[in-house]
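Single-structure report; data block below.
All residue numbers in this chain count up from 1 along the given sequence.
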Amino acid sequence: KPPHTVRAYSQGVRRVVSFAGLHPGEFRADSLNQAHLTDTVRGMRASGLVSKSTINQTLAALKSFYDFCIADRLVSEVPDIARIRKVAKLDIPQIDPEYYRPAEIRDLYEEAATRQERKHRVRWPNRDLAMCSFLAVLGLRSAELTAADVGWISRERLTDSDDRATWMFQVIGKGRRIRRLPLSQELVTANERWQAERVERFGSTKNSAPLFVTNTGERFNYQRLRYWLRLLNREAGLRDRSLHSLRHTAGVQLAADGVPMNAIQSLLGHA
């Protein structure tokens, strides 16, 4: 899992250990049975200190933890997390995904491409436009964008009999699953402009180098990417949205363009 998920899940497990009254050093895979964990979750709800969504994330962390415990044969039986959700009445109604409307995504693109009169320590127009485009057109997950290397983009022939070649982006997604996404000419041009400007500042790059870097030449992490989008939204006069909203934007636009749902599923890497 990406580092920010590992951190969030670690916090979730620690949260349960704390509310369960267990000593951290004595916590084991079999420290919580069904009844004890159910009482702990009810206690978290009754305390008023933890929101429903946080408790749900905490239970997701525990489920992941127990999955590893089962796989490593540390235990043969674990609490039923789905049952605990129902007993604790934690079912959260489905909320429509948030996305950028066409006018809003235009405003975001325009702001991303705007050169600041003064040097900005976060913004970099050619890079910002390319990053916005890759997120909102290809529907990349934030972890996929931060993990992407220069070598993930290559020129390929779609079929052996076709003399024409197109630029493809080979994405390594969840579970190390690979999907190959064709790049439009607009995306290719946006990336070429960014890479040319990057070489001017930092010199030539290898295929193993990050596709996108910060203004100091480092690979983006989730926190820096999140701050970058928050700043971009604010300067574009838009309300703050998550990085995942750009992924939803890609899915909504593909659906609006009449792309079949199974094709959208494949392009976005949904199971």
Side-chain angles (χ1 to χ4, degrees), residues 2 4 95-116 120 122-150 152-153 166-174 179-195 197-198 210-214 219-261 263-270:
H4 64 275
I95 299 174
D96 289 338
E98 192 173 46
Y99 61 93
Y100 289 81
R101 271 82 179 162
E104 293 173 325
I105 201 67
R106 280 196 299 271
D107 289 345
L108 193 71
Y109 283 150
E110 288 177 5
E111 178 57 39
T114 300
R115 289 197 174 276
Q116 304 284 326
H120 204 297
V122 175
R123 296 285 308 283
W124 190 344
N126 277 331
R127 180 208 61 197
D128 292 353
L129 180 60
M131 285 206 302
C132 278
S133 303
F134 272 65
L135 288 166
V137 175
L138 299 178
L140 300 180
R141 299 178 177 93
S142 58
E144 293 169 348
L145 186 81
T146 57
D149 293 337
V150 171
W152 287 20
I153 297 178
T166 187
W167 287 99
M168 302 293 292
F169 187 34
Q170 182 171 284
V171 181
I172 302 176
K174 277 187 174 181
R179 64 186 191 277
R180 295 167 65 253
L181 307 175
L183 299 183
S184 67
Q185 186 55 53
E186 289 88 351
L187 284 176
V188 171
T189 301
N191 183 57
E192 287 176 342
R193 287 174 178 169
W194 146 239
Q195 296 299 338
E197 203 168 285
R198 169 189 183 169
L211 182 61
F212 294 106
V213 296
T214 65
R219 186 184 291 271
F220 272 92
N221 57 27
Y222 177 79
Q223 286 77 13
R224 284 186 171 187
L225 196 62
R226 181 71 190 92
Y227 177 72
W228 164 81
L229 182 60
R230 184 180 296 120
L231 182 67
L232 203 57
N233 278 320
R234 187 177 68 203
E235 294 183 349
L238 302 171
R239 62 186 177 83
D240 188 31
R241 286 183 174 89
S242 68
L243 288 158
H244 216 67
S245 296
L246 287 168
R247 177 168 163 81
H248 289 156
T249 300
V252 169
Q253 186 59 59
L254 287 168
D257 288 342
V259 178
M261 291 307 294
I264 297 175
Q265 173 185 335
S266 176
L267 290 169
L268 295 183
H270 284 153

Original post:
What distance do R198 atom CZ and W124 atom CH2 have between them, rounded to the nearest 0.5 Å?
Top reply: 8.0 Å
**OP:** Might you point out which heavy atoms bring A112 and C132 nearest each other, and give the distance in Å?
**Re:** CB-SG, 4.1 Å
**OP:** Check the pair R224, V122 against side-chain contact (heavy atoms from CB on, under 4.5 Å), reporting the backbone distance first and the verdict last.
**Re:** CA-CA 9 Å; R224 284 186 171 187; V122 175; over 6 Å; no
**OP:** Taking the side chain as every heavy atom from C-beta outward, state whether N126 and R115 have any atom pair closer than 4.5 Å.
**Re:** yes
**OP:** State the OH-CD distance between Y109 and E186, to the nearest 0.5 angstrom.
**Re:** 10.0 Å
Original post:
Is M131 close to L225 at the side-chain level, that is, under 4.5 Å between some pair of heavy atoms?
Top reply: yes
Original post:
Within a strict 4.5 Å, meaning less than it, do heavy atoms of the M261 and I264 side chains meet?
Top reply: yes
Original post:
Is there a donor-acceptor contact under 3.5 Å linking the side chains of T189 and Q185?
Top reply: yes
Original post:
Under the 3.5 angstrom rule, does the side chain of W194 hit a backbone N or O of L211 as a donor-acceptor pair?
Top reply: yes
Original post:
Can you name the closest pair of heavy atoms from S133 and L129 and give their distance?
Top reply: OG-O, 2.7 Å
**OP:** First locate atom CD of E111, then atom CD of E235, and finally report the distance between them rounded to the nearest 0.5 Å.
**Re:** 5.0 Å
Original post:
R247 versus H244: any side-chain heavy-atom pair under 4.5 Å?
Top reply: yes
Original post:
CG of L246 to CD of E98: how many Å apart, nearest 0.5 Å?
Top reply: 10.5 Å
Original post:
Is it true that E104 and R239 have a side-chain N and a carboxylate O under 4.0 angstrom from each other?
Top reply: no
**OP:** To the nearest 0.5 angstrom, please state how far the CD1 atom of I105 sits from the OH atom of Y100.
**Re:** 6.5 Å
**OP:** Taking all non-hydrogen atoms of both residues into account, name the closest pair between A130 and A190 and its distance.
**Re:** CB-O, 3.9 Å
**OP:** Could you tell me whether D107 and R101 have a side-chain N and a carboxylate O separated by less than 4.0 Å?
**Re:** no
Original post:
Do I153 and V188 have side chains that get closer than 4.5 Å, going by heavy atoms?
Top reply: no
Original post:
Is a donor on one side and an acceptor on the other found under 3.5 Å between the side chain of D257 and the backbone of V259?
Top reply: no
Original post:
CZ of R193: more than 12 outside heavy atoms within 6.0 angstrom?
Top reply: no
List the atom pairs, with distances to 0.1 Å, where a side-chain N or O of residues 138-150 and a protein N or O form a donor-acceptor pair under 3.5 Å, not counting sequence neighbours.
from: R141; atom 1: NH1; to: E144; atom 2: OE2; distance (Å): 2.6
from: R141; atom 1: NH2; to: G269; atom 2: O; distance (Å): 3.1
from: E144; atom 1: OE1; to: R141; atom 2: N; distance (Å): 3.0
from: E144; atom 1: OE1; to: R179; atom 2: NH2; distance (Å): 2.9
from: E144; atom 1: OE2; to: R179; atom 2: NH1; distance (Å): 2.9
from: T146; atom 1: OG1; to: S142; atom 2: O; distance (Å): 3.2
from: T146; atom 1: OG1; to: A143; atom 2: O; distance (Å): 3.1
from: D149; atom 1: OD1; to: R219; atom 2: NH1; distance (Å): 3.4
from: D149; atom 1: OD1; to: R219; atom 2: NH2; distance (Å): 2.7

Original post:
Parallel under 30°, tilted from 30 to 60°, perpendicular over 60°: which one fits the rings of H4 and Y222?
Top reply: parallel
Subject >> Exam field: side chain N191 to backbone L187, donor-acceptor pair closer than 3.5 Å >> reply: no
Original post:
Which atom pair, heavy atoms only, marks the closest approach of S245 to R241?
Top reply: OG-CB, 3.7 Å
Subject >> Nearest non-hydrogen partners of W228 and D128, listed with the distance >> reply: NE1-OD1, 2.9 Å
**OP:** Output, in order, the C-alpha distance, side-chain angles, deciding distance and verdict of salt bridge (Lys or Arg N to Asp or Glu O under 4.0 Å) for R226 and D240.
**Re:** CA-CA 10 Å; R226 181 71 190 92; D240 188 31; 2.7 Å; yes
Original post:
Can you tell me how far CG of L232 sits from CG of L108, rounded to the nearest 0.5 angstrom?
Top reply: 4.5 Å
